[in-house]
Amino acid sequence: METPILEFRNVQKVYGQGEAAIHALAGVSLSIAPREFVAIMGPSGSGKSTAMNIIGCLDVPTDGDYLFDGLSTTGFNRTQHTLLRRHMLGFVFQGFNLLARTSAVENVELPLVYRGMDGAERRRRAMHALARVGLRGREHHSSAELSGGQQQRVAIARAIVTDPAVLLADEPTGNLDTKTSYEIMDLMTALNRDQGITIIMVTHEPDIARYARRTIRFLDGHIESDGAGDAHAV
């Protein structure tokens with residue numbers, strides 16, 4: 001069988017101590033295969049954001065084990081977590097998180113700057129990433145000159161310019177109108193289908209979750225359900 005790209009083994013996350021302790025994750029086990037498109041849903045306080053933070057190496061379990069591509073991350077130090085994020089993960093956020101007075105191509109180059117890549121190769125890769133998300137001709141526009149949907153495309157280009165194994169999307173359509181949301185989801189579906197990028201997406205919108213082929217629902221720190229989604233994109 002193919003090794004899961006990521007796996008939780010009885011992952012627990014506790015904040016606080018004693019009677020004030022909050023069990024954000026209460027023994028969660030799950031595995032996600034390479035090239036899956038998974039939606040994570042659940043009400044506020046369900047544990048979904050904590051799970052995503054652990055997947056993204058922004059937090060660590062209190063107990064249990066998180067494996068990435070078969071490698072246990074238990075005992076990773078800060079540098080090792082940073083390297084895993086930098087080389088294996090891409091992040092897309094609801095708020096775009098672009099540098100306001102910086103061009104699209106310069107925003108996309110930023111993760112490659114952290115890798116120490118030379119300027120010419122950075123620019124080549126960033127231009128290619130922007131073309132992949134349909135922004136050819138907009139490379140030198142600043143964020144203020146782009147629509148919300150275009151800004152999110154820049155954010156997606158920035159996330160995929162490093163060729164990550166996993167793309168983590170946190171409410172990627174939360175600031176977009178319905179038509180633009182569907183355009184962004186069509187783009188993410190194509191990246192999953194054509195580029196083989198594993199996508200894990202937090203959303204509270206059922207119509208957006210239907211783009212995924214699997215939906216995991218959290219409730220009170222547990223997985224309430226885990227099954228095939230209702231993917232409607234071709």
Side-chain angles (χ1 to χ4, degrees), residues 34-39 52 56 85-205 207-213 231-234:
R35 298 174 297 280
E36 277 202 272
F37 189 164
V38 179
M52 282 289 277
R85 284 196 306 271
R86 186 176 297 171
H87 292 276
M88 303 302 294
L89 303 173
F91 296 85
V92 177
F93 303 98
Q94 176 177 343
F96 314 146
N97 291 4
L98 301 179
L99 299 177
R101 290 182 292 277
T102 303
S103 69
V105 69
E106 289 169 327
N107 268 286
V108 174
E109 285 180 329
L110 196 57
L112 304 179
V113 172
Y114 295 141
R115 285 191 176 187
M117 188 175 292
D118 72 82
E121 180 64 9
R122 287 201 313 265
R123 183 56 53 97
R124 186 191 71 79
R125 291 196 181 194
M127 296 288 279
H128 178 64
L130 285 166
R132 286 169 68 186
V133 301
L135 287 180
R136 192 185 302 275
R138 297 287 191 275
E139 297 92 344
H140 299 290
H141 287 59
S142 70
S143 297
E145 298 172 312
L146 299 173
S147 68
Q150 289 171 333
Q151 289 183 60
Q152 192 61 297
R153 287 175 183 267
V154 174
I156 293 171
R158 181 184 57 194
I160 65 173
V161 74
T162 57
D163 293 322
V166 178
L167 181 64
L168 302 178
D170 188 1
E171 301 282 4
T173 62
N175 285 340
L176 304 175
D177 61 52
T178 301
K179 178 178 181 295
T180 306
S181 294
Y182 293 162
E183 291 173 354
I184 291 298
M185 292 312 303
D186 286 340
L187 169 60
M188 293 182 66
T189 300
L191 291 171
N192 171 252
R193 180 189 63 227
D194 302 334
Q195 307 296 326
I197 299 174
T198 304
I199 297 179
I200 304 170
M201 172 183 68
V202 166
T203 183
H204 67 276
E205 302 172 86
D207 59 330
I208 297 301
R210 284 198 295 272
Y211 279 84
R213 301 192 178 277
H232 60 241
V234 177

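- Contact detail for Arg132 and Ile160: the closest heavy-atom pair is CZ-CD1, 3.8 Å.
- Residues Ser181 and Leu176 form a side-chain contact, since some pair of their non-hydrogen atoms from C-beta on lies under 4.5 Å apart.
- Contact check for Thr102 versus Ser142: no side-chain heavy atoms found under the 4.5 Å cut-off.
- Residues Leu168 and Met52 form a side-chain contact, since some pair of their non-hydrogen atoms from C-beta on lies under 4.5 Å apart.
- When the salt bridge (Lys or Arg N to Asp or Glu O under 4.0 Å) test is applied to Arg122, no partner is found at least two apart in sequence or on another chain.
- Put simply, the side chain of His128 does not reach to within 4.5 Å of the side chain of Val161, judged on heavy atoms.
- A 4.5 Å side-chain heavy-atom check between Arg125 and Met117 finds at least one atom pair inside the cut-off.
- For Gln151 (side chain) and Ala104 (main-chain N/O), no donor-acceptor pair under 3.5 Å exists by modelled atom type.
- We find the CG-CD distance between Leu99 and Glu106 to be 9.0 Å, quoted to the nearest 0.5 Å.
- A donor-acceptor pair under 3.5 Å is absent between the side-chain atoms of Glu36 and the main chain of Ile199, judged by distance alone.
- Between Met127 and Val105 there is a side-chain heavy-atom pair separated by less than 4.5 Å.
- Residues Met185 and Thr173 form a side-chain contact, since some pair of their non-hydrogen atoms from C-beta on lies under 4.5 Å apart.
- The neighbour count for Arg86 CZ, taken as heavy atoms of other residues, nucleotides or ligands under 6.0 Å away, is above 12.
- Asn107 places no side-chain N or O within donor-acceptor distance of the main-chain N or O of Leu98, the cut-off being under 3.5 Å.
- For the pair Ala159 and Pro164, the tightest heavy-atom approach, listed with the atom from each and the gap, is O-CG, 3.3 Å.
- The closest side-chain donor-acceptor pair between Thr189 and Asn192, if any, does not fall under 3.5 angstrom.
- Residues Glu109 and Arg158 fail the side-chain proximity criterion, which asks for heavy atoms closer than 4.5 Å.
- Ser103 and Glu139 form no side-chain donor-acceptor contact under 3.5 Å, judged by distance and modelled atom types alone.
- Put simply, CD on Gln195 and CZ on Arg35 are 13.0 Å apart, with the number rounded to the nearest 0.5 Å.
- Here the straight-line distance linking atom CD of Gln94 with atom CG of Asn175 works out to 4.5 Å at 0.5 Å rounding.
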